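Being a predicted model, the structure only gives us computed values, none of them experimental.
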Amino acid sequence: MMKLSINSELKRLSPTNFWHILATGLGSGLSPKAPGTAGSLAAVPFCYLLGLASLPLKTAIIVVAFAIGVYACQKATDAIGIDDHGGIVWDEFVGMFITVACLPNTLAWLIAGFVVFRIFDIWKPWPIGPIDAKLKGGLGIMLDDVIAGVFALVVLKLIEVTFF
């Protein structure tokens with residue numbers, strides 16, 4: 001069986017289906033090049049808005065975004081027929097939310113959060129890589145980026161408390 005191109009696979013998603021729109025990071029995952037990076041970058045303005053909230057509200061938003069993301073990513077995966085397709089990037093949004101949740105809400109920290117999160121999301125050190133490889137479906141799609149976000153947050157908090 002011939003592998004479909006990225007564009008034909010994404011055409012299986014409905015541009016009017018809320019879950020598909022959300023799973024593709026409001027369309028940012030439709031980028032033909034580096035959709036995960038495009039999704040992470042598209043999350044940055046939302047990260048800034050999240051930074052205006054109190055920590056309890058940020059936590060609630062992240063928990064809801066994660067839960068909704070598991071469902072949305074599963075719906076998109078079912079439509080595409082490929083687990084963890086590159087165009088599904090809501091997990092990058094949630095990973096970015098986690099990364100910057102406890103950092104100062106400045107452009108410099110948002111950029112640092114973007115860079116460090118992308119490093120962990122691409123590198124996938126233990127346990128991110130094994131979880132990504134073994135856990136499938138919406139939960140698997142979301143969980144590896146949640147852990148990457150936690151790792152990125154820890155690194156950035158250590159930098160903040162050590163140097164600033």
How close do Gly113 and Leu156 get, counting heavy atoms only, and between which atoms? CA-CD1, 3.5 Å
One should read off an interatomic distance between Leu110 CG and Leu103 CG, to the nearest 0.5 angstrom, of 8.5 Å
Can you measure from CZ (Phe151) to CD1 (Ile98) and round to the nearest 0.5 angstrom? 12.0 Å
Can you name the nearest heavy-atom pair linking Glu160 to Cys102, along with the distance? OE1-O, 4.2 Å
Are Val150 and Leu55 co-members of a hydrophobic cluster defined by side-chain heavy atoms under 4.5 Å apart? no
Please check if the side chain of Lys75 supplies one atom and the backbone of Trp19 the other of a donor-acceptor pair under 3.5 Å. no
Heavy-atom pair of closest approach, residues Phe114 and Ser40: CE1-CB, 3.6 Å
Value rounded to 0.5 Å, distance of CZ in Phe117 from CD in Glu92: 5.0 Å
Pair Ile159, Val155 - check side chain to side chain contact (heavy atoms under 4.5 Å, CB included), show working. CA-CA 6 Å; Ile159 290 170; Val155 166; 4.1 Å; yes
Are Leu26 and Leu13 connected in the hydrophobic side-chain network, where two residues link if heavy atoms are under 4.5 Å apart? no
Checking Ser31 side chain against Ser28 main chain: does a donor-acceptor pair fall under 3.5 Å? no
Measure centre to centre between the rings of Trp109 and Phe164, then say whether the value is under 6.0 Å. yes
Atom NE2 of His85 and atom OG1 of Thr77: how far apart are they, to the nearest 0.5 Å? 9.5 Å
If hydrophobic clusters are built from ILVMFWY residues whose side chains come within less than 4.5 Å, do Tyr71 and Ile82 share one? no
ILVMFWY network linking Phe93 to Val63, side-chain heavy atoms under 4.5 angstrom: no
Using every non-hydrogen atom in the two residues, find where Leu41 and Pro45 come nearest and quote the distance to one decimal. O-CD, 3.7 Å
By side chain to side chain contact (heavy atoms under 4.5 Å, CB included) - contacts of Phe18 (at least two apart): Leu22
Measuring from His20:NE2 to Asp78:CG, what's the distance to the nearest 0.5 Å? 8.0 Å
Over all atoms of both residues, closest heavy-atom pair of Val100 and Cys47: CG2-CB, 3.6 Å
Stepwise side chain to side chain contact (heavy atoms under 4.5 Å, CB included) check, Leu49 with Leu52: CA-CA 5 Å; Leu49 293 174; Leu52 300 174; 4.2 Å; yes
N/O donor-acceptor pairs under 3.5 Å from side chains in residues 122-149, not counting sequence neighbours:
{"unit_1": "Lys124", "atom_1": "NZ", "unit_2": "Asp121", "atom_2": "O", "d": "2.8"}
{"unit_1": "Lys124", "atom_1": "NZ", "unit_2": "Asp121", "atom_2": "OD1", "d": "3.3"}
{"unit_1": "Lys124", "atom_1": "NZ", "unit_2": "Asp144", "atom_2": "OD2", "d": "3.1"}
{"unit_1": "Lys136", "atom_1": "NZ", "unit_2": "Ala133", "atom_2": "O", "d": "2.9"}

Atom CD1 of Ile68 and atom CH2 of Trp90: how far apart are they, to the nearest 0.5 Å? 8.0 Å
Please name the pair of heavy atoms, one in Cys73 and one in Ile88, separated by the smallest distance, quoted to 0.1 Å. SG-CG2, 3.5 Å
Answer with yes or no whether the hydrophobic clustering places Met96 together with Ile62; edges join I, L, V, M, F, W, Y residues whose side-chain heavy atoms lie under 4.5 Å apart. yes
